[in-house]
Amino acid sequence: MKFKISLLTLAAAAALAAAPGVHAKTFKWASQGEIATWDIHSQNNALQNGLHANVYESLVYYNSKTFAVEPVLATSWKEISPTQVRFNLRKEVKFSDGTPFTADDAVFSLNRAMAKTSNFSPYVQGIDKVVKVDSHTIDVILKGPNPVLLRQMTELRMMSKAWAEKNKSVDPKDMKAADENFAHRNAMGTGPYVLTSWQPDQRMVFKRNPNWWGKMEGNVTEIVYTPIKSAATRIAALLSGEVDMVLDPTPQDLGRLRASADLKVIDGLENRTIFLGMDQFREELPGSNVKGKNPLKDVRVRKALYQAIDVDTISRNIMRGLGKPTGTLVAPQVAGWTEGVAKRFPYDVEAAKKLLADAGYPSGFEVDFACPNNRYINDEAICQAVTAMWARVGVKAKLRTMPLVNYFPMIQRYEASIYMLGWGVPTFDALYSLQSLVRTVGQGGDGNYNVGRYSNERMDYLVDRVKVETDAPVRARMLTEALQLSNDTVSHIPLHDQVIPWAMKKNVELVHRADNRVDMLTVKIN
């Protein structure tokens, strides 16, 4: 479906591009994934959040070079008390429709992120309420001290209260339901660009926002994003010049891309870990030949599945160096990670067979296995390899793969027995992962993506303590203890941390970010 936000907005953007001294520069880029929605609080997905950031801004955001938290729509903040933080909002900021951004919009947006249908609960964890002080000041009232509040707020983008009310989008779209609100396909923010069209699975177009308050380091006046699922087609588009950049070149294509005189490849370790989750809740797994019980509830079975996977072979033959094997749920850039906690259980087929036999499954069993096929580097190929490895120990995984727009709602409805997930850490703090992935499913972001419904009393205690612990050494020890507990109980099966290469034309300048997000403010076309 193609739509237009407003002819006035487009005309203004076109006038900006044509103004004296401003040379129109179009940046065309592609990756394998498509986003599911333009509702900024509906689904927490890294690709989607990065695209939303072109149009919608947060109060604070990371500097792309240092990852320090910097002012955006808030100019400053101070702690009034350990449970009260005051934010002074930037004045003279306008939404792209020309209306002013005020405290009413900030209070509305943060409350919207806390709504029942929001998928952004990990970012509002610890917030009790948001209070307007005056037209450009708000207070965030906390349930207890929160040492990572500012890092959480980097992902809480601001929406116009009046626009949402006018367009019946006060509540975020529920991604588990079929109903749509206006904000699902339309966008209107304070950011450097306006969304001018979105044709799902085809292309997305942005133009410069003439009402934007900020200064841009880059020179891009138009962005065209194209989701291209086929790796061969993506690379062909880059080689032919049809696109300027590919976010996710395949490992097997990197050699020829690096050798091209017209292209360059920039590498970096992503703050994202790829792992497998397992249903540890149901009494019986749908589609399994084991009746009356759930094999995945047994830690011996989970460890057997773990030890049957040869991650070094996956890293070498499938990832071709773009996956660094790990034994924990977070990458090295994340607070709480240690070399010790990242140590894997050894690959050992015989040990895996013995564990299965000890658990009562000497011949293995059948189990459902779901994976995305356009989200992570070689995701489908990894799952195919894992399926073959499990077959060697008698576990017959019935693999099904699907695009991310269908995959994420499916696993959030708890419809997969074993599933692949990749988890980036926008806060660079392990609490974000622990609360979302291993805290018992509850309120306020607890277990937000714990779709295997793992539950451990000690884990819950540690996560809840870490939420409010302000003594840095104590907090670091508790984060590491929780990560080790996850390892010991095999809450998940870690595979690797992604290494992300970006491939682009030689005339493109930009900043490579560890969160795999293209900061359009830094992109220059020379």
Side-chain angles (χ1 to χ4, degrees), residues 31-36 40-53 58 61-64 66-67 69 119-123 125 148 150-157 247-248 266-277 319 322-326 328-337 342 371-372 374-379 382 404-405 407-408 411-412 419-439 445 447-451 479 483 486 491-502 511-519:
S31 78
Q32 63 182 328
E34 173 61 293
I35 72 170
I40 56 171
H41 300 124
S42 183
Q43 188 184 74
N44 180 23
N45 171 286
L47 174 68
Q48 191 162 277
N49 294 348
L51 284 162
H52 287 176
S58 46
Y61 203 54
Y62 288 123
N63 179 292
S64 286
T66 67
F67 272 91
V69 175
N119 200 219
F120 278 68
S121 46
Y123 301 107
Q125 80 81 22
V148 291
L150 288 179
R151 290 179 175 273
Q152 290 173 195
M153 296 193 78
T154 59
E155 291 291 67
L156 297 174
R157 281 164 277 279
L247 188 74
D248 46 7
I266 304 176
D267 299 283
L269 185 65
E270 190 179 9
N271 65 343
R272 178 179 305 280
T273 302
I274 308 297
F275 52 84
L276 305 177
M319 298 302 291
L322 297 186
K324 181 184 176 187
T326 184
T328 192
L329 290 176
V330 299
Q333 308 100 313
V334 177
W337 182 94
C371 286
N374 67 340
R375 178 63 189 100
Y376 312 115
I377 298 173
N378 282 356
D379 42 17
I382 293 167
L404 69 91
V405 292
Y407 181 77
F408 285 110
I411 64 171
Q412 287 185 287
Y419 56 91
M420 171 184 272
L421 193 59
W423 200 250
V425 189
T427 62
F428 290 85
D429 186 275
L431 171 62
Y432 176 78
S433 299
L434 292 165
Q435 184 189 9
S436 297
L437 301 174
V438 293
R439 176 64 170 80
N448 184 48
Y449 262 88
N450 182 0
V451 293
L479 287 172
L483 289 170
S486 165
S491 71
H492 298 74
I493 301 174
L495 297 176
H496 55 256
D497 300 321
Q498 279 195 161
V499 176
I500 43 172
W502 293 357
V511 177
H512 187 287
R513 287 174 55 118
D515 57 6
N516 206 24
R517 186 169 299 186
V518 181
D519 179 2

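Keep in mind it's a predicted model, so treat the numbers as computed, not measured.
Ring centroid separation for the pair Phe275 and Trp423 does not come in under the 6.0 Å cut-off. A centroid separation of less than 6.0 Å is found between the aromatic rings of Tyr62 and Phe428.
In terms of the salt bridge (charged side-chain N to carboxylate O under 4.0 Å, His left out) criterion, residue partners of Glu155 (sequence neighbours excluded) are, by chain and number, Arg157, Arg517. Considering only residues two or more places apart in sequence or on other chains, Pro325 meets the side chain to side chain contact (heavy atoms under 4.5 Å, CB included) condition with Val311, Asp312, Ser315, Arg344. Residues forming a side chain to side chain contact (heavy atoms under 4.5 Å, CB included) with Asn450 (at least two apart in sequence, or on another chain): Val441, Tyr454.
Residues Ile411 and Tyr419 approach most closely at CG2-CB, 4.1 Å, considering heavy atoms. Contact record, Val334 with Ala430: CG1-N, 3.4 Å, taken as the closest heavy-atom pair. Heavy atoms only, all atoms of each residue included: Ala342 and Thr328 are closest at CA-CG2, 3.9 Å. Between Ala53 and Tyr61, the closest heavy-atom pair is CB-OH, 3.8 Å. Counting all heavy atoms, side chain and backbone alike, Val405 lies closest to Ile35 at CG1-O, 3.6 Å. Closest approach of Gly422 and Ile274 over heavy atoms only: CA-CD1, 3.7 Å.
Under the 3.5 Å distance criterion, the side-chain polar atoms of Gln333 are left unmatched by any main-chain donor or acceptor of Ala514. The backbone N or O of Arg151 sits less than 3.5 Å from a side-chain atom of Thr154, completing a donor-acceptor pair. Looking at Gln32, its side chain does come within 3.5 Å of a backbone N or O of Tyr376 through a donor-acceptor pair. No donor-acceptor distance shorter than 3.5 angstrom exists from the side chain of Asp519 to the backbone of Val511, with no hydrogens or angles considered.
To the nearest 0.5 angstrom, Ser64 atom OG is 7.5 Å from Asp515 atom CG. Separation of atoms CG (Asp497) and CG (Asn271) is listed at 9.5 Å; rounding is to 0.5 Å. Note that the OG atom of Ser58 and the CD atom of Gln152 stand 13.0 Å from one another [nearest 0.5 Å]. One distance of note links OG of Ser433 with OH of Tyr449; it measures 13.0 Å at 0.5 Å rounding. Between the CH2 atom of Trp337 and the CG atom of Leu329 there is a distance of 14.0 Å, given to the nearest 0.5 Å. Taken to the nearest 0.5 Å, the OG1 atom of Thr273 stands 9.0 Å off from the CD atom of Gln498.
Donor-acceptor pairing under 3.5 Å is recorded for the side chains of Tyr432 and Tyr123. Of the N and O atoms on the side chains of Asn119 and Asn448, at least one donor lies less than 3.5 Å from an acceptor on the other residue. A donor-acceptor contact closer than 3.5 angstrom links the side chains of Asn516 and Trp502.
Residues Leu47 and Ser31 form a side-chain contact, since some pair of their non-hydrogen atoms from C-beta on lies under 4.5 Å apart. By the 4.5 Å heavy-atom criterion applied to side chains, Glu34 and Asn374 are not counted as neighbours. Looking at Pro501 and Leu322, their side chains come closer than 4.5 Å, going by heavy atoms from C-beta outward. At least one side-chain heavy atom of Asp429 sits less than 4.5 Å from a side-chain heavy atom of Leu479.
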Query raised in the report: Would Asp267 and Ile500 satisfy side-chain contact (heavy atoms from CB on, under 4.5 Å), going step by step from the backbone distance to the final call?
Result: CA-CA 6 Å; Asp267 299 283; Ile500 43 172; over 6 Å; no
Query raised in the report: Can you check side-chain contact (heavy atoms from CB on, under 4.5 Å) on Leu276 and Leu421, steps first, answer last?
Result: CA-CA 6 Å; Leu276 305 177; Leu421 193 59; over 6 Å; no
Requested in this report: Would you check, one step at a time, whether the test side-chain contact (heavy atoms from CB on, under 4.5 Å) holds for Gln48 with Leu51?
Outcome: CA-CA 5 Å; Gln48 191 162 277; Leu51 284 162; 6.0 Å; no
Requested in this report: Just do the side-chain contact (heavy atoms from CB on, under 4.5 Å) check on Val499 and Glu270 with the steps written out, would you?
Outcome: CA-CA 6 Å; Val499 176; Glu270 190 179 9; over 6 Å; no
